Each structure stands twice: as C-alpha cells, then as structure tokens.
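In what follows, a single structure is set out as structure tokens and then discussed.
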Amino acid sequence: MVKTLYWRQSQYAYKEQIMSTIGFIGLGQMGSPMAANLINGGHTLKVFDISEDAIQALVSQGAVAAASPADAASDVEFIVTMLPNGALVRNIIFGENGITSTMSKEALLIDMSTIHPFETDALVKEMADKGFSMMEAPVGRTSDHAIKGELLILAGGSKEQIAKAQPLFDCMGSETVDAGGAGKGIRVKIINNYMSIALNALSAEAITLAEAIGLDFDTAMAVMSGTPAGKGHFTTTWPGKVLSGDLSPAFMVDLAHKDLGIALDLANQVNVPMPCGAASREVYSITRAAGRGRQDWSAVLEQLRVTSGLEPKIK
Ligand code: NAD
C-alpha cells in the first residue's frame, strides 16, 4: 500500500489517496469504467473477464491482464467482482481456478454485483468460515455515472471493511452509504431497484392512458411532475400523515379507491391495459376491507405492514 497525493478532477481538490493492488473481475458495461477509474485514481489493477477484448481495453489503460479469477486474486490487497448474477459470483469465488484458491487471508473481496441477498449472506458466511474477508457494495445509478465516477455505493460490511475500501469507493462513486452491516447493502439496493423499476412501469402506464384519452403529452407530464404522482410520496404525503402517526384524512382511502376505479374503467373502455393500476387498486381494497376507508390514503403503508405481520406503529 503506497500513500500519495493525487488530483481528482471531479472534486477540484488535492486529497490523500492510498494506492492499492486490486484484482478486478467482470469488465462489462459497469465493470470496465469502474476499473478504469481505479487505474486513474492511481491503483494497480489485474483484470479478468471471459472477453479478451474487454481485458485488452483495460490493459491499454494500464491494467495487467490476468489469466483466471485465481490469477487476478493472487498477490493483491483487494478483489472486486462486478458480474451478472449470483451463480457466477459463487463460481468465480469457489469454483475451479476461483478467487479463494489464491486470495490472501489479509485481502478483502468486494462483490459489487447485484445478486440475491440470500446468496450474498451465504457467500459472506462461507468466506468467513474459511477465514476470508468479504463485503458487498452494489451500486446505484447507471453506466453513465460509472464512466464519470459518480456511482452511489451501497456498502454492506463491517465499519472496518468499509473504511478499508473507502479509497476505492471514492474512485468509482461520488457517495458511499454505510447500509448498516453485512448483507444490508444488497438489501437496500434490491429495495431501491424494486421501487424505481415498478414506478417506471406505473409511470409508463399512466402516461400511455393520458395519451390514449387525448391529453397533450407535455401537459400531462407537467401536471404530474408537480404532484405526488411525479414527486413520490416519501417527501410529500407521508411525512405529515402516516410517518407522524396521524391517519386523519387529508385524502381518504375511500376516495382514492373510487378514483383508481374511474381510471381503470376509462382505460378499459379505450383498450389500455393497466396491470400496475389494477394491482394498486386492490391494495386500497384491502385497506378499506380492514376498516380504514375513512383514514388518510397514506394508511396503505400501515395496512400493508400489518398484513405482512409487522408490529402496528399507529394505534
Ligand atoms: P455486463 O453484462 O455488461 O457485464 C458483465 C461482465 O461479466 C461481462 O463483461 C462478461 O463478459 C463478464 N463475465 C461473465 N461471465 C464471466 C465469467 N465467468 N468470468 C469473468 N467474467 C465474466 O453487465 P453490467 O451492466 O456491467 O452489470 C454488472 C452488474 O452490475 C450486474 O450485477 C448488474 O445488475 C449491476 N448493475 C448494472 C447497472 C447498469 O446500469 N448496467 C447499474 C447498477 C448495477
């Protein structure tokens, strides 16, 4: 580990950087720019991918080519994996010519792939049982952010592991969140993706209906950008109501249920399928059936919590 001063253009400031040796495995849309940013940050990289072209592109930027995951993991302080799925991550760690056949017990393996949290839990435990150190750090945002070194790093691991990995995270991302321990980084990543991916479909559904019933596209977008439809509920409707323990109605569940029904009927008549809206309407049906029809529409949160067996928060 070599300490040096380096210039990070995006931060317009000199700061102390610890240069490390890193094995990087998985040089796809995300992994390639992340590896390039580690090289630009002064780190020494050995890279591996099943694509020789991907390896050579990084070699031309200063990396050393590795012949296998085992080769990438030998004589390095960190190993980073950025792979498409959990089965591959497992195979690359424990399979033939895998990382653990050469990895030092002092090194830290950081899996930055998006995989099933239970797979992460199992891998972290099996690694610890064998005396190896592993954490997860999946990323938010897109490959454009990966290129600019502006990823959101969702770190799951001990405080010591996160502190050790922070200089690497600073090269690849602009923000690191300590998610609260091993397995929590991948959990927050999956929940975040769940919500934004589902919201993408719901938003597309609403805008499609708007167009199908003859609304001007830009007008519909402008109206919804200024309401909880476009802004989301975390910072608009929830804080003063369900998050404050107050379910007195600003807008009643019964009325929300009625309005969703009108939209679904309208869509039905103009032949627009509304799978997200139909499912959402039933969330309000469940909430009404539980006797909450005259409560605030944010009561759907409390109702789903209770239906899922969580302790009620609001008496
Ligand atoms: P990608 O398919 O572009 O890259 C995956 C890389 O892994 C490829 O280069 C592939 O050749 C390599 N690979 C496959 N099998 C391998 C093996 N056995 N050994 C070595 N390398 C192997 O995918 P991506 O977009 O870079 O995504 C990587 C991870 O990041 C995924 O888990 C994805 O869900 C997550 N992610 C992607 C984005 C995004 O915007 N693309 C954003 C956040 C997180």
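Residue numbers count from 1 along this sequence. Remember, predicted model here, so these are calculated numbers, not experimental data. Values below: all heavy atoms of this structure, side chains included; hydrogens, waters and symmetry mates excluded. Indexing begins at 1, ligand by ligand and atom by atom, following the structure's order.
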Ligand 1 versus Lys189: contacting region, heavy-atom distance under 4.0 Å: side chain

Distance to 0.1 Å, residue and atom name: give those for the protein heavy atom nearest to [atom].
| atom | value |
| --- | --- |
| atom 4 (O) of ligand 1 | Gly28 CA, 3.2 Å |
| atom 30 (O) of ligand 1 | Met82 CE, 3.0 Å |
| atom 35 (C) of ligand 1 | Thr114 OG1, 3.5 Å |
| atom 18 (N) of ligand 1 | Leu88 CD2, 3.4 Å |
| atom 39 (C) of ligand 1 | Met30 SD, 3.4 Å |
| atom 42 (C) of ligand 1 | Arg141 O, 3.3 Å |

Using heavy-atom distances only, which candidate in [options] approaches [atom] most closely?
| atom | options | result |
| --- | --- | --- |
| atom 11 (O) of ligand 1 | Leu83, Val139, Leu151, Asp49 | Asp49 |
| atom 19 (N) of ligand 1 | Asn91, Ile92, Leu152, Asn85 | Ile92 |
| atom 2 (O) of ligand 1 | Gly86, Pro84, Ala146 | Pro84 |

Those atoms of ligand 1 less than 4.0 Å from some heavy atom in Leu27: 9 (O)

Atom 23 (O) of ligand 1 within contact range, any protein heavy atom under 4.0 Å: no

Considering all heavy atoms, the nearest Ile162-Phe169 contact: O-CE1, 4.4 Å

Ring geometry between Trp238 and His233 (parallel below 30°, tilted from 30 to 60°, perpendicular above 60°): tilted

Cationic N near anionic O, under 4.0 Å, Lys241 to Asp246: yes

Salt-bridge contact Asp121-Arg187 (side-chain N to carboxylate O under 4.0 Å): yes

